[in-house]
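Read through the structure below, which is laid out as structure tokens, and then see the notes.
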Amino acid sequence: MSISKKIERSHILRAIIHIDKFGSPIKNQGRNYFLKVGTIQYPVIYTICVANIYAEGFFLVHDASDFNSLQAINHLENLGYEIIERKSL
């Protein structure tokens with residue numbers, strides 16, 4: 001399933017709260033790109049998957065054939081978020 005166009009800035013903020021409270025599974029902790037909010041970095045794909053809970057009512061199970069990091073990055077940047085690469089951490 002692709003990234004829902006219904007995911008808005010408020011859904012990302014709720015996803016961040018969710019990740020702060022529950023963490024992210026090791027397999028979903030991200031490798032190269034991160035959403036930066038304040039001094040904290042969040043994995044871009046996992047953040048989108050969690051945000052989908054608040055936008056569509058269900059966790060978006062990520063499959064590489066559905067969407068990739070670049071699409072997640074573009075969606076987050078279009079919402080006004082800062083994305084950083086691991087090499088710049």
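No experiment lies behind these values; they were computed from the predicted model shown.
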Non-hydrogen side-chain atoms of Ile84 and Tyr33 separated by less than 4.5 Å: no
Answer yes or no on whether Arg9 is positioned over the face of Tyr81, meaning its NZ or CZ is under 6.0 Å from the six-membered ring centre and within 45° of the axis. yes
In Å, rounded to the nearest 0.5 Å, how long is the span from CD of Gln71 to CG of Asp66? 9.5 Å
Indicate yes or no: at least one non-hydrogen side-chain atom of Asn32 is less than 4.5 angstrom from one of Glu85. no
Transitive ILVMFWY side-chain link Val61 to Ile19, under 4.5 Å: yes
Rounded to the nearest 0.5 Å, the NE2 atom of His75 sits from the CG atom of Leu79 at a distance of 4.5 Å
Between Phe34 and Ile83, is there a side-chain heavy-atom distance shorter than 4.5 Å? no
State the NE2-OG1 distance between His11 and Thr47, to the nearest 0.5 angstrom. 14.5 Å
Given side chains that start at C-beta, do those of Ile12 and Leu35 come closer than 4.5 Å, heavy atoms only? yes
Spacing of Asn68 atom CG and Ile45 atom CD1 [to the nearest 0.5 Å]: 7.0 Å
Ignoring hydrogens, what is the shortest heavy-atom contact between Met1 and Phe67? Give both atom names and the distance. O-CD2, 3.6 Å
Measuring from atom CG of Leu60 to atom CD1 of Ile3, what distance do you get when rounded to the nearest 0.5 angstrom? 8.0 Å
Is there a continuous path of hydrophobic side-chain contacts, each under 4.5 Å between heavy atoms, that joins Ile17 to Tyr42? no
Compile the donor-acceptor pairs under 3.5 Å between side chains in residues 48-59 and protein atoms, sequence neighbours left out, one pair per line.
{"unit_1": "Asn52", "atom_1": "ND2", "unit_2": "Phe58", "atom_2": "O", "d": "2.9"}
{"unit_1": "Tyr54", "atom_1": "OH", "unit_2": "His18", "atom_2": "ND1", "d": "3.4"}
{"unit_1": "Glu56", "atom_1": "OE2", "unit_2": "Ser4", "atom_2": "OG", "d": "2.6"}

